[in-house]
Amino acid sequence: MNELIDRFEPGRPGEDQMPGTGLDGGQKIRCDACPVMCYIAEGRSGACDRYGNSHGRIVRLDPLVILDHDNQQRQGEDARRVVAFAGPDTQDEDGESWDGDIVHAKRRFVSAIGAGTTYPDYKPAPFIVSQSIEGVDLVTVVTEAIFSYCGVKVKIDTDRHIGAETATVRARGEAVGHVTTAEYGSQMLSLGGVHHLTGGSKQEGRTTCETLLALCNREPVELSIDDGATVIVEAGQPPVIDGTRESRMRVGCGSATIGMFASQWKDLVDEVVIVDDHITGVVSEHQAGKVIGWQDTGIRIIGRRSTPGRYFGVSEPGLGWGGTTISNPLDILGPFNPKKGARPGLTLLMISTTGEQFAYFELDEALQPVEKPLPERLRKSVDLIEENCEPALCTVLFMGGAGGSLRAGVTESPVHLTHSVQGLETYVTAGGAPVYVWPGGGITLMVDVTRMPDNAFGSVPTPALVAPIEFTLTLQAYRKLGGHVDHVRPLDDVIARGGDYFNERRLSDAPSTSPWPLMEYLRRSGAGMR
Ligand code: SF4
C-alpha cells in the first residue's frame, strides 16, 4: 500500500531551482539528468519517460519512494497499515495542518527510487539525509545511478540441460548474454554487460537494456539459448523450460542422494541407482552403502567411474531423467554379472535426483531387469526424496559497478568512498535492500531484485540501466570522507520540501525481506555501541 506524502504543484517558468537550464529559445527545456540531454516541450516527457517539462521546470515524473519499516514491526497484526502524512500546506484527517513533527518517522528510509541522478557529476547527490538513531547521527546519501557497466546473473533451479557453457542467450533474436558455469542444482546465465549494451549493434544494445530492465523489475522474459532450450525467466518464480514449468530443485547430486538415503533403503531393495547427468550414484558400490553392509549386485553402469559408486557421463546432458537425455533408465545399464552377485529375483530401484522419475525392476532368470509396479515398502523413500526437494525458482541478481562519477555525488574525493565501503564504514543498499560488495577495487555490487521495492529500476537510451543506490554512514565519518556536508538535510525537511526535481514523495511499505538499513548499519558497524 502506498500513500502520496506530498503532491508536486507545478511551478512557473522563470523560477530558480531549475536543474535543466538549457532553454533552447522556444518552449523546450533541456534535461541534463543523463548524457542524452533531451530537449523537452511543455507537458511532454523526455526519451526515457522519467523526466518531463511541467510549466518550464524539469520534473522527475515518478515519486521519490520513502520506505516505511514500521510495517515490519507490525507483522501479524495490521501489517499493511500506512501512517498518514500530510504536506506542510495540507490538512490531515482531523483538519489540522501538519506542523513538521515526524511522530511516526522513526523507521523511515529515503530510498533512491525516484531521487534523480548526479549526472553530469559536478553536483552533490539529490538527497543527503540525516537521521539520529539510538543517539547516533547518521547520514544517507541517496542517488539514482546510471549503470552502463551492469548486468544480471540468473540462477535457474533445474537439472535439465538448457544449453552448453558459453552458448549465446538471446532475447527477441538479439544476443544478450551467455550460459555460464552450472551450480549445484541450478543452471546459470550471465546477461548484459557493457559489451552487449554498447559494444554491438544499436538493436542489440536496446534489446539488452530492455531485457535487463524487465528482469530487474521482476517481469517474465523469454530467453532462447543457441542449440539449447527456450526458458521463461521471472525473478522469484519457477522457470518454464521449453514450455514445461519446473517444479522441484534436486535434493542433491546422485552421490549425495545415496549418502542421504542409503539407510532408508537398506533391507527394502537390493540395489538403488540415482540417475544424474553429473554424478550417478550406485548404493551397493558407494562408500555410504558399504559402511552399512550393502552387498554387491553385479550391476554395471555405462559411464566413467570416478570413485566407487560414483559415475560421470552416463549420458549427454538433456531434458530427461536427472538432466540426462534418457527417458528409459535401463539405457545406462550394462549386463548384470552373476560372478559379482547378480541373481534372478534381485530387486532394483532407479530414481532421478528430484524423485520425479522412478522405476522398479526385478531380474528374471536371464538376469534381465523387468519393470514391476513400485512396491509399497519403497513408496516412503521415493516420497522422501520428493519432500526434500525445494521449489525450483529463478533468481535474478543485478550486478553493477558504482563508478567514479557517481561517487563524486557523495564526496569530493571519490576514492575515499570506495575505501570507506571496502572498510565497512559505509553501508550500501539498493532501494533499501542489502547488497553484496565485491572485494577488490571499485564498488561492484550485487543485489537480489526480489528484495527491492516494485519498479525500482529504470533505463535511459544511451543505453544503460538506472538503479537506486544509497550510502549510509555516521555524520562524523561523512565529514572525514570529505562529504558534501553543506547539503545534509534532516528527514522531515526531505519529506516536507522534496528535492530539486519537484516530484512527489511516496510512503511505501518496505519489503519484509529487507531490514531497516539504518539499524542494520548500526548492527554491522557497532556504531551505536561506541
Ligand atoms: S533520456 Fe531521460 S534522463 Fe536522459 S536527458 Fe532525456 S529525459 Fe533526461
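Whatever order the structure lists them in is the order used to number ligands and atoms, beginning at 1. Reckoned from all heavy atoms, side chains included, excluding hydrogens, waters and symmetry mates. We count residues from 1, following the sequence as given.
- Neighbours of atom 2 (Fe) of ligand 1 restricted to protein N, O or S atoms under 2.8 Å: the count is 1.
- For residues 426-440, the set of pairs meeting the side chain to side chain donor-acceptor pair (under 3.5 Å) definition, not counting sequence neighbours, comprises S420-T426, T429-E470.
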Original post:
T180 and K153: side-chain contact (heavy atoms from CB on, under 4.5 Å), yes or no, with the steps?
Top reply: CA-CA 9 Å; T180 187; K153 307 299 175 203; over 6 Å; no

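- How far OG of S186 is from CD1 of I156: 9.0 Å, rounded to the nearest 0.5 Å.
- Under 4.0 Å is where a charged nitrogen must lie from a carboxylate oxygen, and between E246 and R160 at least one such pair does.
- No hydrogens or angles considered: nothing links the side chains of Q422 and T418 as a donor-acceptor pair under 3.5 Å.
- Between E210 and R206, none of the side-chain N atoms (NZ, or NE/NH1/NH2) sits under 4.0 Å from a carboxylate O, so this pair counts as no salt bridge.
- Residue M37 has at least one heavy-atom neighbour below 4.0 Å for each of these atoms of ligand 1: 5 (S).
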